[in-house]
Q: 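Would you mind keeping the following structure in view while I ask a few things?
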Amino acid sequence: MTDENKQTNFIREIIDNDLESGKHAKIITRFPPEPNGYLHIGHAKSICLNFGIAKDYDGICNLRFDDTNPIKEEDEYVNSIIEDVKWLGFDWEDRLYYASDYFDQLYEWAIQLIKNGNAFVCDLTADEINEYRGTPTKPGNESPNRNRTVEENLELFDKMKNGEFPNGAKVLRAKIDMASPNMNMRDPVVYRILHATHHRTGSKWCIYPMYDWAHGLEDSLENITHSLCTLEFEDHRPLYDWFIDQLDGVYHPRQIEFARLNLNYTVMSKRKLLELVEGGLVNGWDDPRMPTISGLRRRGYTPASIREFADRVGVAKREATSDIALLEHCLREDLNKRAHRRMAVLEPLKVIITNYPKDQTEEFEAVNNPENENDGKRMIPFSREIYIEKSDFMEDPPKKFFRLGIGREVRLKHAYYITCNEAIKNENGEIVELHCSYDPATKGGWSDDGRKVKGTLHWVSVEHAVQAEVRLYDNLFSKENPYEVEDGKDWKDNLNSESLIVNKNCYIEPSLANSNSEDNFQFLRLGYFTTDKDSTKDKPVFNRAVSLRDRKK
RNA sequence: UGGGGGAUCGUCUAAUGGCAGGACAUCAGACUCUGACUCUGAGUAUUGGGGUUCGAAUCCCUAUUCCCCAGCCA
């Protein structure tokens with residue numbers, strides 16, 4: 001059943017067994033985000049896991065919003081999540097569900113729980129419940145209301161539902177065991193009073209179910225076979241199971257926990273990311289430095305690269321921090337196959353080809369993608385004055401420098417061989433212009449006489465180039481582990497001050513002027529770039545998603 | 001000093017009592033109209049200590065160490 005070249009993991013093994021034993025005939029999973037923030041790469045791991053398993057096992061995966069807390073949840077987040085999951089390439093067909101769709105059923109079951117003597121209405125305040133709960137090493141005390149009659153509980157719960165009590169006045173609690181070593185089992189809250197407007201049910205309800213009560217039952221209603229969640233819910237599993245077991249004839253899914261994704265040089269919690277956004281430390285949720293799906297997307301990451309990354313990091317129970325270099329590798333791997341090559345100069349240095357006729361223009365043919373002939377060719381204009389990269393010239397270069405120097409010959413990609421004769425400097429001694437000569441016999445960038453040239457440079461024609469803004473990105477944090485701080489310092493002090501470099505004086509080849517937002521390109525020798533949403537015809541803007549591997553010494 | 005889970009190359013991840021393997025990263029080389037890609041090669045790991053066994057990453061004992069749990073958040 002499992003694809004052979006796909007990495008297996010302990011969850012897939014469980015599924016294999018369940019299929020083999022006949023426990024399940026069809027696998028059903030779900031991705032259950034709370035719409036209280038934007039999705040990040042950590043969620044992508046979960047999305048790829050759940051949807052990936054459904055796909056590989058010929059099952060289905062639902063998208064379900066776990067919207068049980070109206071205070072934190074908003075439609076804006078619902079929309080962004082839908083968009084992100086879709087963009088990642090997954091399809092839930094008509095199975096878009098909301099926990100709030102089940103509020104009536106959940107309420108009915110709560111009544112059943114009360115009738116069975118397994119729940120009671122508690123008058124304790126939040127603080128009192130806290131005190132009564134005890135500590136991990138000391139058992140808690142039972143609520144004075146724990147032994148109310150079923151009738152009284154039913155009546156009180158009905159009044160809670162009818163809005164007869166203010167927020168916090170009462171809660172419905174499960175009656176389990178105040179001495180349990182598992183804190184989650186110490187009479188957990190099932191319903192709380194919240195006079196709040198819910199993004200979908202409006203003011204219909206003023207009591208809302210808690211996660212532990214709701215989640216397993218949501219899974220049950222959807223016939224989820226394997227409910228996958230992260231490690232911190234391991235302690236909740238006994239409660240997940242307990243709730244379902246109290247109800248008659250309710251299907252019992254299996255919760256399985258796996259380790260969440262961590263990435264070095266970034267932070268991954270919604271709260272921390274929100275702090276960065278609200279503190280203006282980044283430019284919104286889709287800032288290309290953010291590990292959010294929308295940030296990665298704007299940065300120039302492709303859905304395929306993120307899916308591949310999710311596959312490669314694997315799934316296990318051990319807590320781990322993956323190397324962001326693997327993510328970058330997956331992007332390069334994807335884009336190397338697909339991205340069209342273009343030429344752009346980030347830090348221009350003017351070159352005058354002194355023996356090239358003034359007012360002459362030629363066009364050279366260039367392949368769009370050497371990895372795929374079908375991607376065709378384009379024409380690139382060439383003239384007497386061109387820009388090359390400042391860093392491609394050294395006045396006094398070391399031997400291993402394969403680029404331009406006085407008296408050295410290099411190839412201009414697709415064009416000619418040129419030799420540098422002179423470097424012109426300004427009064428500060430800075431090189432402002434190069435005078436070179438070209439060899440007409442090397443037209444197209446090739447010589448028949450077998451002479452070899454050490455380096456090949458990218459370039460653009462001064463006359464034809466389009467000025468553009470290019471944004472270069474680096475890790476958001478300068479420390480592998482941003483939380484590693486000296487005394488008195490904060491994780492935000494580890495923000496990388498050079499994570500964004502804006503270069504407005506770049507020149508791009510003319511064919512690039514008409515690109516669309518999120519088009520991916522390889523700028524020759526520089527990296528993979530994408531057109532930013534800020535880009536206009538007059539002022540093109542590109543983001544560098546990732547540089548090319550650079551093995552020069 | 002409660003409960004629940006972990007610990008394998010630098011990083012992630014395999015192994016299900018039988019040769020510790022793969023990927024990324026790193027280094028070295030080949031190739032190259034991108035110092036890219038591709039190819040070849042190299043080094044690097046079972047947390048410690050005991051035990052069972054012909055044989056242990058795997059089973060047992062013990063120690064160490066890390067993570068999670070005291071929201072009317074999810």
Side-chain angles (χ1 to χ4, degrees), chain A residues 7-9 13 32-34 36 66-69 71-73 122 124-127 129-131 133-140 167-173 179-186 188-194 207-208 210-212 214-215 229-238 257 259 261 264 270 309 312-330 332-333 336-337 341 343 366-367 370-371 400-403 411-415 417 442 444-447 453-458 480 522-527 547-553:
Chain A
Q7 223 171 28
T8 187
N9 57 54
E13 278 175 24
E34 183 190 14
N36 70 342
D66 211 357
D67 54 353
T68 56
N69 185 354
I71 294 167
K72 291 188 174 179
E73 295 148 6
C122 179
L124 258 26
T125 65
D127 285 345
I129 287 181
N130 254 319
E131 284 168 32
R133 186 154 28 224
T135 71
T137 49
K138 265 180 262 164
N167 288 356
K170 290 186 172 12
V171 289
L172 182 71
R173 288 227 253 167
S180 172
N182 182 346
M183 301 291 285
N184 296 122
M185 302 299 273
R186 320 244 263 227
V189 173
V190 177
Y191 270 92
R192 75 285 214 189
I193 299 170
L194 249 28
I207 57 170
Y208 290 90
M210 296 288 290
Y211 167 86
D212 287 305
H215 202 89
C229 64
T230 45
L231 252 28
E232 70 268 26
F233 292 101
E234 220 155 10
D235 283 347
H236 293 246
R237 187 171 4 111
E257 311 84 15
L261 173 73
N264 56 11
K270 277 189 201 172
F309 173 72
R312 291 226 211 168
V313 292
V315 179
K317 293 203 71 159
R318 122 181 42 131
E319 295 206 43
T321 302
S322 292
D323 195 337
I324 199 159
L326 179 60
L327 214 211
E328 296 178 337
H329 168 82
C330 293
R332 291 190 184 108
E333 184 181 57
N336 177 54
K337 286 179 297 193
R341 272 60 170 173
M343 291 204 285
V367 293
E371 303 288 320
K400 280 289 196 178
F401 187 79
F402 297 157
R403 293 160 271 171
R411 170 171 35 240
L412 295 176
K413 179 87 178 173
H414 304 304
Y417 286 9
T442 59
W446 188 254
S447 170
V453 107
K454 283 182 220 151
T456 300
L457 308 188
H458 61 276
E480 231 186 287
Q522 184 195 103
F523 287 3
L524 237 49
R525 302 208 301 142
L526 296 173
S547 65
L548 253 29
R549 266 188 85 193
D550 184 2
R551 283 189 285 203
K552 55 178 176 271
K553 319 223 170 47

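A, B, ... follow the sequence lines: proteins, then strands. Residue 1 opens every chain.
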Q: Can you tell me, in whole Å, how much space there is between the P of B:rU1 and that of B:rC67?
A: 15 Å
Q: If the C1' atom of B:rC27 is compared with that of B:rG10, how far apart are they to the nearest Å?
A: 13 Å
Q: What's A:R525 touching, base or sugar-phosphate or nothing? Going by heavy atoms closer than 4.0 Å.
A: base
Q: Answer with base, sugar-phosphate or nothing: what part of the nucleic acid does A:Y208 contact at a heavy-atom distance below 4.0 Å?
A: nothing
Q: Taking only the side-chain heavy atoms of A:R403 (C-beta and beyond), determine which of B:rC12, B:rG35, B:rG3 contains the nearest atom.
A: B:rG35
Q: Within the side chain of A:R332, is there an N or O that forms a donor-acceptor pair under 3.5 Å with the backbone of A:S547?
A: yes
Q: Regarding A:H414, tell me which of base, sugar-phosphate or nothing describes its non-hydrogen contacts under 4.0 Å with the strands shown.
A: base
Q: Base, sugar-phosphate alone, or nothing: which one does A:V315 contact when heavy atoms must sit under 4.0 Å apart?
A: sugar-phosphate
Q: Between B:rC24 and B:rC9, how far is it from one C1' atom to the other, in whole Å?
A: 12 Å
Q: What about A:R318: does its side chain form a donor-acceptor pair under 3.5 Å with the base of B:rU8?
A: yes
Q: Both distances under 3.5 Å, Watson-Crick or G-U wobble: on that basis, could you give the dot-bracket string for RNA chain B, with [ ] for crossing pairs and | for other-strand partners?
A: .((((((..((((....[..)))).(((((.......)))))....(((((..]....))))))))))).....
Q: If you take atom types as modelled and just measure distance, does the side chain of A:N182 reach the base of B:rG4 with a donor-acceptor pair under 3.5 Å?
A: no
Q: Say we look at B:rA74 and B:rC69: how far apart would their P atoms be, to the nearest angstrom?
A: 15 Å
Q: For atom C1', what is the distance between B:rA20 and B:rU58, given to the nearest Å?
A: 11 Å
Q: Just confirming the chi classification of B:rG71, syn or anti, using 90° around 0 as the syn window.
A: syn
Q: In whole angstrom, give me the gap between the P atoms of B:rG22 and B:rC59.
A: 24 Å
Q: Below 4.0 angstrom from OP1 or OP2 of B:rC37, is there any side-chain N or O of A:R549?
A: yes
Q: With the side chain of A:A316 defined as its heavy atoms from C-beta on, choose the nearest nucleotide among B:rC68, B:rA14, B:rC24.
A: B:rA14
